[in-house]
K.L.:
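The following block contains the structure, expressed as structure tokens.
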Amino acid sequence: MFLTKIKRIIVSGYRDFIRSGFTSLASILIMSITLFVITSLIFIQAALNSSLNDIKDKVDVTVYFVQNADEPSILNIESSLKSLPEVSGVTYTSADQALSDFKEKHSNDYLTLQALDELGQNPLGASLNIKAKDPSQYESIAKYFDSGGSLSQDSLSIIDKIDYHQNKVVIDRLTTIINGAKKLGFVISFILVLISIVITFSTIRLIIYMSREEINVMKLVGADGGYIRGPFIVSGVLVGAISSLVTILLFIPVTIWLGNQMTDFIGINLFTYYKANFLQLFIIMLGSGIIIGVISSVFAIHRHLQK
Amino acid sequence: MIYFNNVTKKYKDSTSLEGINISITQGEFVAIVGHSGAGKTTLTKLILAEEAPTEGTVYFESTNIHKLSNKDLTNFRRKVGVVFQDYRLLSNKTVYENIAFAMEAIEKSEKEIAQDVPHVLELVDMTNRASHFPHQLSGGEKQRLAIARAIITQPDLIIADEPTGNLDPINTNEVVNLLKKINDLGTTVILTTHNRSVVDQVKKRVITLENGRVIRDDKDGKYML
């Protein structure tokens with residue numbers, strides 16, 4: 001009997017959904033807008049993260065060594081830096097490499113090159129370029145040198161200068177901007193998602209409210225709560241599933257257009273991002289759609305099923 | 001079967017029923033008559049537990065209807081068939097599905113549904129309308145469908161609240177005859193109406209309400225107001 005009941009509920013929910021025509025269409029439209037907002041926010045977050053990562057990538061700290069520093073000591077410092085949890089990467093540039101980089105950079109600057117030749121020796125020291133996992137961590141990396149950390153006095157004596165202190169203001173400001181942008185992005189996303197969910201919720205509530213007389217009749221005929229609620233939930237699932245399909249299809253032309261027009265501005269090609277994350281996005285849309293549909297239906301019908 | 005024990009129903013600023021004591025036995029056909037606002041519909045709502053009395057108790061057999069749990073209330077309602085003036089059909093379901101729904105609700109098998117529904121459709125002369133939706137039916141057809149839905153589960157009691165209120169004399173006649181036929185088969189029928197010809201046609205017990213009170217209860221009554 002249980003299976004028969006489930007079958008009847010599904011068939012009845014499906015029929016009600018199809019026969020309600022315009023009402024079902026209205027729910028799909030509202031739900032699609034909600035899913036569109038949710039997915040757009042995922043895209044905006046992705047674009048924001050990509051831009052922030054670009055900015056983060058431009059921030060670094062360089063440790064310059066004195067000219068006569070020997071390579072094993074520097075490599076020793078490099079390996080101890082790499083063991084720090086805050087550090088994402090360390091690049092070693094030898095004195096010779098620094099000189100050839102300098103020459104290459106100034107290959108058109110005859111005067112500078114001539115001055116360098118007259119000097120007769122390499123005036124540049126070796127350096128270590130350090131990238132932190134997060135910009136806020138540069139300070140603690142700089143402090144690691146100030147306090148000495150696990151480094152011996154010998155190691156520290158070969159350090160000429162660390163450019164963190166010159167860049168501190170810029171790094172701090174970027175850190176504040178990045179954190180602020182992330183927080184603001186989250187708050188705005190949260191509010192927008194909430195608003196669209198509330199709208200969908202109210203729409204489904206209104207549609208079920210319109211059916212209150214029929215719900216009453218079903219009760220009087222002797223149908224139990226589950227049998228009355230079931231078809232509405234099935235309709236909710238259908239609205240959620242169809243809306244997610246509509247939204248996923250709608251995003252194809254939208255992301256192609258944005259990919260063609262806005263990649264430079266946004267920093268990532270949204271269509272490429274969409275293709276790469278298609279399955280996850282589809283699951284998120286389908287899941288959100290069905291969950292919102294079902295929860296709205298269950299809540300909306302609850303009050304009509306009281307005695 | 002049904003006992004009203006000193007039942008009073010008050011709304012915010014009015015009294016709909018006052019000190020009602022009625023007893024209805026199994027197999028009876030009872031017409032409840034009265035002007036609009038006399039309390040006829042409130043009486044039926046109390047039997048169906050759609051409303052609770054302000055004072056007094058309503059019993060079905062020996063059970064206080066208004067003390068039933070949700071589950072027991074559902075089971076109780078399965079023993080009662082209801083017909084309304086405004087039909088209250090399920091607009092998204094066809095004639096066949098409307099009747100089948102009542103059977104599905106009480107968990108009858110597909111086989112029983114396939115057997116009984118055509119039989120009842122024939123009884124109310126709606127066989128050729130089986131696949132129509134309620135909005136495609138005339139008033140008389142809608143009411144015959146409502147009766148079909150009410151009797152398909154073979155309830156102990158049929159409550160018909162002004163079933164002829166929206167019907168012309170010919171359809172009224174058909175509906176009343178149908179209810180009499182159902183009563184002849186052993187089902188208790190409670191019919192509320194303010195239609196004189198209906199009451200006189202039935203020639204059964206008549207309870208007359210006025211301003212929420214029973215002013216007359218005649219075994220073989222006529223419409224007297």
Side-chain angles (χ1 to χ4, degrees), chain A residues 1-27 204 206-236 238-239 297-298 301-307, chain B residues 44-45 47-52 65-84 86-94 96-113 133-135 146 148-156 159 161:
Chain A
M1 197 65 222
F2 180 73
L3 280 180
T4 313
K5 194 172 171 180
I6 296 289
K7 191 187 125 202
R8 284 172 180 173
I9 285 175
I10 293 174
V11 170
S12 174
Y14 172 75
R15 273 192 196 141
D16 286 350
F17 175 79
I18 296 291
R19 288 173 185 172
S20 297
F22 182 74
T23 317
S24 303
L25 211 65
S27 333
I204 291 184
L206 201 67
I207 289 168
I208 291 183
Y209 179 77
M210 276 160 34
S211 309
R212 68 192 184 285
E213 273 302 322
E214 301 214 341
I215 292 171
N216 222 3
V217 172
M218 291 178 190
K219 276 199 307 196
L220 289 177
V221 168
D224 61 31
Y227 196 66
I228 299 174
R229 200 184 293 118
F232 284 99
I233 294 176
V234 172
S235 295
L238 284 171
V239 168
S297 307
V298 169
I301 202 166
H302 178 72
R303 60 186 295 257
H304 299 295
L305 287 180
Q306 308 287 318
K307 266 189 196 180
Chain B
T44 60
K45 281 187 171 172
I47 300 175
L48 290 164
E50 276 192 277
E51 302 267 5
I65 296 168
H66 299 94
K67 287 270 190 291
L68 291 174
S69 67
N70 262 342
K71 195 174 171 225
D72 290 336
L73 185 62
T74 299
N75 285 331
F76 160 68
R77 283 175 173 159
R78 290 175 179 181
K79 294 180 190 164
V80 184
V82 205
V83 181
F84 301 95
D86 55 358
Y87 324 119
R88 301 212 203 162
L89 302 167
L90 302 171
S91 57
N92 266 338
K93 295 190 190 297
T94 62
Y96 185 96
E97 288 163 3
N98 259 283
I99 303 172
F101 180 84
M103 292 190 83
E104 288 172 1
I106 59 169
E107 298 178 2
K108 293 282 183 191
S109 70
E110 296 293 326
K111 197 177 154 200
E112 285 172 291
I113 293 174
F133 286 94
H135 67 89
R149 183 182 66 187
I151 60 173
I152 187 81
T153 55
Q154 297 170 343
D156 299 337
I159 297 176
D161 186 15

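As the structure is a prediction and not an experimental result, all values here were calculated from the model. Proteins get letters first, then strands, A, B, ... in listed order; numbering begins at 1 in each.
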K.L.:
Which region of B:F76, side chain (C-beta onward) or backbone (N, CA, C, O), has a non-hydrogen atom less than 4.5 Å from a non-hydrogen atom of chain A, or is it both or neither?
P.N.:
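No part of B:F76 comes within 4.5 Å of chain A.
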K.L.:
For B:I113, is it the side chain, the backbone, both, or neither that has a heavy atom closer than 4.5 Å to a heavy atom of chain A?
P.N.:
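Only the side chain of B:I113 comes within 4.5 Å of chain A.
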K.L.:
Please confirm whether the backbone N or O of A:G222 pairs with a side-chain atom of B:R78, one donor and one acceptor, at under 3.5 Å?
P.N.:
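Present.
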K.L.:
Applying a criterion of heavy atom separation less than 4.5 Å, what residues of residues 4-11 of chain A form contacts with chain B?
P.N.:
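A:T4, A:K5, A:R8, listed by number.
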K.L.:
State which residues pass side chain to side chain donor-acceptor pair (under 3.5 Å) with A:R15; sequence neighbours excluded, sorted by chain then number.
P.N.:
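Partners of A:R15 under the side chain to side chain donor-acceptor pair (under 3.5 Å) test: B:E97.
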K.L.:
Any heavy-atom pair between the side chains of A:N216 and B:E50 that's under 4.5 Å?
P.N.:
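Result yes, sub-4.5 Å side-chain heavy-atom pair found.
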K.L.:
Would you mind checking which part of A:E213 comes under 4.5 Å of any heavy atom in chain B, side chain (CB onward), backbone (N, CA, C, O), both or neither?
P.N.:
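Contact with chain B involves the side chain of A:E213 alone.
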K.L.:
Of all the heavy-atom pairs spanning A:D224 and B:E107, show the shortest one and how long it is.
P.N.:
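Shortest heavy-atom contact: OD2-OE2, 3.9 Å.
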K.L.:
Under a 4.5 Å heavy-atom cutoff, which of B:L90, B:T153, B:V82, B:I106 has the most pairs with chain A?
P.N.:
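The answer is B:L90.
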K.L.:
Is the number of heavy atoms from other residues, nucleotides or ligands within 6.0 Å of CD (B:Q154) greater than 12?
P.N.:
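It does not: B:Q154 CD has 12 such atoms or fewer within range.
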K.L.:
Closest approach of A:S20 and B:N92, non-hydrogen atoms and distance?
P.N.:
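It is OG-ND2, 3.2 Å.
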K.L.:
Under the criterion side chain to side chain contact (heavy atoms under 4.5 Å, CB included), I'd like the reasoning laid out for B:R88 against A:L220: C-alpha separation, chi angles, the key distance, then a yes or no.
P.N.:
CA-CA 10 Å; B:R88 301 212 203 162; A:L220 289 177; 4.2 Å; yes
K.L.:
If every non-hydrogen atom of B:T94 is compared with every non-hydrogen atom of A:R19, which pair is closest and at what distance?
P.N.:
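Closest approach of B:T94 to A:R19, heavy atoms only: N-NH1, 4.0 Å.
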K.L.:
Given side chains that start at C-beta, do those of A:D16 and B:K93 come closer than 4.5 Å, heavy atoms only?
P.N.:
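Yes, close enough: below the 4.5 Å cut-off.
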